[in-house]
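Notes to accompany the following structure.
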Amino acid sequence: MSRRGAPQAFDRERFIIPSPPLDDDMYGDLVPPTIAELVSYLEVDGVATPDLFGADPRVRDINDVLDELRAASINVDVHAVCRGESHLAAAALAAYCRSLPEPLLPSPFAEQLCQAVDHPDFALRVAGIRDIMSTLPEANQAVLHRLFHFLSRLGGAPQSEAQGNGYGQLALFWASMLLPSNMSRVRDRRTKEFRLLGLLLQQSPCIFEGSLEAVELPEPELPPHLAAEMLAAQAASRQWVKIKASLLRDTKGAFRFSLLEDSGGVYINKIEPTDVCDDREKLQYKDYLVSISRKSVDEMTLAEVKEIVKHAKSFLELE
């Protein structure tokens, strides 16, 4: 029996130990020693490892590695700590980054980057992403620079694609490690995340090191599930009919409709009868919102859309 309010023991078998926040102290090391040590080890022992980030070590083993590295002094023997297993070191690196209090590419920077990746001109696309990256906190920039210096070399090595370490495989894996977790639920966002990470990997010297040479390369091929999502979205867009409708609060102050969200975006789940006269007869189940109160819904989460509904005055404009 446990006493109410007593601290619960951390379950090391199931959960990764949270990483400490990054330190923006200009006089200290901006890259956490754990990240620096793991990257340095993987740069030597991990580059020839097939499917480096594809293994699934036990959570407890990952926690043991992270604990030993945090407690160690300088010049730690990472090979010994990881028992000579590059896959374990790679998993520990990813887990440390994923468990930071804030993502390395936090909001709203992540939203700006995903918008910039759609710029049709390659040079301006790279320049825009580089400019946004330069506004990140100094510690975030330092960690991302160190990380992508390694990952870009890994992805660009001969036979990397055949070994499971190509730009596409790395982009798919690291998107969920570096970006806010709620972003992947927004319509079309997963494809943008993948393209963004692919560009960061391919153009790392230009984006992180100030190189003036940015040679346009073919974007990494979309994984089958993202390609299928994109084709489905394109097919749906050709069938869409734009509808504009205004909803009024009833005599009890309610709009009498509800919303849900899926991979296609935010949609109308239920339209209820009302005692006022508005345009709800134009709407039906599974109508996807393009805008609400003249604000684009494409970059919003369901919670953000509901906040607009909550704080609306007497009517809502839906498109």
Side-chain angles (χ1 to χ4, degrees), residues 102-103 105-120 124-125 128-129 131-132 135-136 175-176 179-196 225-226 228-319:
E102 291 289 333
L105 292 173
S107 298
F109 301 99
E111 286 84 352
Q112 296 172 22
L113 289 165
C114 283
Q115 290 174 9
V117 81
D118 279 335
H119 199 291
L124 294 178
R125 189 187 318 152
I129 289 175
D131 291 345
I132 296 169
T135 63
L136 284 166
S176 61
L179 291 156
S181 58
N182 66 320
M183 289 180 63
S184 293
R185 295 195 296 269
V186 181
R187 181 174 41 151
D188 297 334
R189 182 57 65 90
R190 286 191 291 186
T191 299
K192 291 183 179 181
E193 290 175 350
F194 177 85
R195 294 181 60 218
L196 170 63
H225 69 286
L226 292 184
E229 283 184 10
M230 186 177 69
L231 289 175
Q234 291 172 347
S237 66
R238 290 192 290 269
Q239 301 171 8
W240 285 352
V241 176
K242 184 175 289 189
I243 298 170
K244 292 185 178 180
S246 295
L247 297 183
L248 301 176
R249 291 190 184 274
D250 64 11
T251 53
K252 294 183 179 180
F255 282 113
R256 300 295 177 188
F257 81 111
S258 63
L259 300 169
L260 283 178
E261 181 182 35
D262 61 16
S263 60
V266 177
Y267 65 88
I268 292 176
N269 178 52
K270 186 182 295 184
I271 291 282
E272 299 178 356
T274 182
D275 55 9
V276 296
C277 183
D278 59 16
D279 298 330
R280 67 186 56 231
E281 72 276 359
K282 297 180 180 180
L283 305 173
Q284 61 185 10
Y285 171 69
K286 272 287 186 176
D287 280 346
Y288 285 91
L289 294 187
V290 176
S291 68
I292 182 167
S293 294
R294 302 185 181 182
K295 297 178 181 178
S296 174
V297 175
D298 189 51
E299 303 297 331
M300 294 186 189
T301 63
L302 177 61
E304 290 169 335
V305 176
K306 286 185 174 180
E307 278 296 303
I308 293 177
V309 175
K310 178 180 177 181
H311 296 291
K313 295 184 178 179
S314 59
F315 74 98
L316 280 170
E317 293 181 85
L318 304 182
E319 182 178 345

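Because the structure is a prediction, the values reported are computed rather than measured.
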Partner set under side chain to side chain donor-acceptor pair (under 3.5 Å) for [X], not counting sequence neighbours:
X      : answer
His311 : Glu307
Ser314 : none
Asp118 : Lys192, Arg195
Arg256 : Asp250

If I take atom [atom1] from residue [X] and atom [atom2] from residue [Y], how far apart are they, to the nearest 0.5 angstrom?
X      : Y      : atom1 : atom2 : result
Thr191 : Glu193 : OG1   : CD    : 9.0 Å
Leu247 : Leu283 : CG    : CG    : 5.5 Å
Ser176 : Phe194 : OG    : CZ    : 12.5 Å
Ser107 : Leu179 : OG    : CG    : 8.5 Å
Ser246 : Asp279 : OG    : CG    : 5.0 Å
Ile243 : Leu318 : CD1   : CG    : 10.5 Å

Exam field: side chain [X] to backbone [Y], donor-acceptor pair closer than 3.5 Å:
X      : Y      : answer
Asn269 : Tyr285 : no
Arg280 : Phe255 : yes
Arg249 : Lys313 : yes
Glu304 : Thr301 : yes

Side-chain heavy-atom pair Thr274, Thr251 within 4.5 angstrom cut-off: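 Heavy-atom side-chain distance check fails, nothing below 4.5 Å.
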Residue pair Phe109 / Thr135, side-chain heavy-atom distance below 4.5 Å: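 The answer is yes; the side chains approach within 4.5 Å.
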When the side chains of residues 290-297 are checked against the rest of the protein, which donor-acceptor pairs come out under 3.5 Å, sequence neighbours left out?
{"from": "Ser291", "atom 1": "OG", "to": "Glu319", "atom 2": "OE1", "distance (Å)": "3.4"}
{"from": "Arg294", "atom 1": "NE", "to": "Glu317", "atom 2": "OE2", "distance (Å)": "3.3"}
{"from": "Ser296", "atom 1": "OG", "to": "Asp298", "atom 2": "N", "distance (Å)": "3.4"}

From CA spacing to verdict: side chain to side chain contact (heavy atoms under 4.5 Å, CB included), Tyr267, Leu259: CA-CA 6 Å; Tyr267 65 88; Leu259 300 169; over 6 Å; no
Glu272 CD: over 12 foreign heavy atoms closer than 6.0 Å: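 Yes, enclosed.
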Leu248 to Cys277 - nearest heavy-atom pair and separation: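 For Leu248 and Cys277, the tightest heavy-atom pair comes out as CD1-O, 3.3 Å.
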Pairwise salt bridge (Lys or Arg N to Asp or Glu O under 4.0 Å) hits with a residue in residues 281-292, at least two apart: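 Output for this query lists Asp262-Lys286.
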